[in-house]
Number of protein chains: 2
Amino acid sequence: MEKEKLVFEKYLVSKGLKLTKPRKIILDTVFATHEHFNVDGLYDQIRKKHKDVSRATIYRTIPLLVESGLIKQSLRCLAKDHYEHTYGHDRHLHLICEKCGKIIEVESKEAESILKKLAKIHNFDIKEYNVGAKGLCRKCSD
Amino acid sequence: MEKEKLVFEKYLVSKGLKLTKPRKIILDTVFATHEHFNVDGLYDQIRKKHKDVSRATIYRTIPLLVESGLIKQSLRCLAKDHYEHTYGHDRHLHLICEKCGKIIEVESKEAESILKKLAKIHNFDIKEYNVGAKGLCRKCSD
DNA sequence: GATAAAATTGAGAATGAGTCTCAAAATAGT
DNA sequence: ACTATTTTGAGACTCATTCTCAATTTTATC
C-alpha cells in the first residue's frame with residue numbers, strides 16, 4: 001500500500017499535481033482489496049467511511065491512476081467500465097459471467113507465450129494485452 | 001453475400017422472424033465491406049442509399065446478426081461498440097497499434113484451445129471470447 | 001500562521017450511446 | 001382482401017461518464 005502511494009505521489013509531482021485528501025482516500029480504497037472495481041462500487045465503498053468524496057472526483061482520479069501505471073482499464077461489463085490493479089500483479093485473463101457479472105481471474109503463461117510468439121512473427125511490440133471470454137459462470141448456467 | 005443472406009434467413013425463420021426490407025438493407029450494408037463497423041458508420045452508409053432505415057432498427061438488428069453467427073461484437077473504441085464479421089472468417093485475434101490505429105488480424109487456434117481448457121477447469125460456459133494486444137506495429141516502433 | 005494564486009472539489013447539469021415505448025405500417029396465413 | 005402478428009420509425013428515456021462553475025483546499029511566500 002505504501003508503495004502504491006509513493007508511485008502515485010511521484011506521478012502527481014511529475015505532473016505538477018497534488019496528493020489531496022480525496023485522491024488519497026480513492027487510492028487507499030482502490031488498493032484496500034485486490035478486486036476489480038468499477039466507479040459505482042468504489043463510490044459505495046468510499047461512502048462507508050467518507051461522506052465527502054464525489055463521483056466526479058472518482059471519475060477524475062481514475063485516469064491519473066491509470067497514467068501512473070497503478071491500474072488499467074480492464075473489462076466492460078454490464079455497460080460499466082471496470083479497472084484492475086497492475087502494479088505488482090501478474091498478467092491474467094478473465095472469464096466474465098454475462099448474467100451475474102462475476103469475474104473469474106485465471107493465470108495463463110500459455111496464453112501470454114502464444115501472444116508473444118504471434119507478435120514476434122508480425123514484428124509487433126506488445127505494450128498491453130487482453131485475453132478473456134464472456135459466458136455463463138457455473139451458478140448461472142444451471 | 002448470398003451465403004450470408006441464407007444464413008440470416010435460416011436463423012430468422014428458426015426464430016419465427018421475418019427477413020424484412022430494413023433487415024435486408026442492414027445485412028447487405030454490413031457485408032458490403034470486410035471492415036469492422038459501428039452503428040453510426042453503418043447508419044451513415046445506409047443513409048446514402050436508403051432514407052428509411054432508422055437507428056432503432058439497426059440497434060435491433062445487430063443482436064440478430066450476432067445471434068445468427070454472422071458477426072460478433074469486437075472492440076470498443078471511442079466509447080462505441082464495434083462489430084466484425086465472423087461468418088466465413090476464422091477466429092482471429094487483434095494486434096492494435098496504439099499510434100497509427102492499425103489493426104493486424106492474426107489467426108490462432110492455439111489461443112482458442114487454451115481458453116476452452118481454462119473454461120472447463122472453472123466450469124465456465126464460454127459464449128464469446130476475445131484475444132488481443134495493444135502496442136506498436138512494425139512501422140510505428142522504429 | 002496569515003495571504004494570495006493556483007489547483008481541486010462537490011453538486012448537479014449536460015452529453016451521448018444504447019434501449020424502450022407505442023401507434024402506424026408491413027407481413028403471412030386464410 | 002381480412003385479420004392476427006410482427007416490425008418499424010420516431011422520439012422519449014436511461015444511465016454511465018463528462019463537463020461546468022462557484023466554493024473550498026492546497027502550497028508557496030511572506
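Every chain is numbered from 1 and lettered A, B, ... according to where its sequence line falls, protein lines coming before strand lines.
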Can you tell me how far [atom2] of [N] sits from [atom1] of [X], to the nearest Å?
| X | N | atom1 | atom2 | value |
| --- | --- | --- | --- | --- |
| B:Asp52 | C:dA26 | CG | P | 10 Å |
| A:Ile62 | D:dA16 | CD1 | C1' | 12 Å |
| B:Lys51 | D:dT8 | NZ | C1' | 18 Å |
| B:Tyr43 | D:dT8 | OH | P | 15 Å |
| A:Leu42 | D:dA16 | CG | C1' | 15 Å |
| A:Ile58 | D:dA16 | CD1 | P | 13 Å |

Quiz item: Is a donor on one side and an acceptor on the other found under 3.5 Å between the side chain of A:Lys48 and the backbone of A:Asp44?
Solution: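 It does not hold such a pair.
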Practice problem: Ignoring hydrogens and angles, tell me if any N or O in the side chain of B:Ser74 forms a donor-acceptor pair with the backbone of B:His82 under 3.5 Å. | Solution: no
More than 12 non-hydrogen atoms from neighbouring residues, nucleotides or ligands closer than 6.0 Å to [atom1] on [X], yes or no?
| X | atom1 | value |
| --- | --- | --- |
| A:Arg138 | CZ | no |
| B:Leu78 | CG | no |
| B:Arg47 | CZ | yes |

Quiz item: Using the benzene-type ring in the case of Trp, are the ring centres of A:His94 and A:His36 under 6.0 Å apart?
Solution: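 Ring centres of A:His36 and A:His94 closer than 6.0 Å.
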Self-check item: Atom pair CD1/OH of A:Ile62 and A:Tyr83 - distance to nearest 0.5 Å
Solution: 5.0 Å
Practice problem: Do nucleotides 14-19 of chain C as a string where each nucleotide becomes B, S or -: B if the base has a protein heavy atom under 4.0 Å, S if just the sugar-phosphate does, - if no protein is that close. | Solution: ---SBB
Quiz prompt | Nucleic acid contacts - residues 12-24 of chain A versus DNA chain C, non-hydrogen atoms under 4.0 Å | solution = A:Leu17, A:Lys18, A:Thr20, A:Pro22, A:Arg23
Self-check item: With A:Glu110 via salt bridge (charged side-chain N to carboxylate O under 4.0 Å, His left out) - residues at least two apart
Solution: B:Lys117
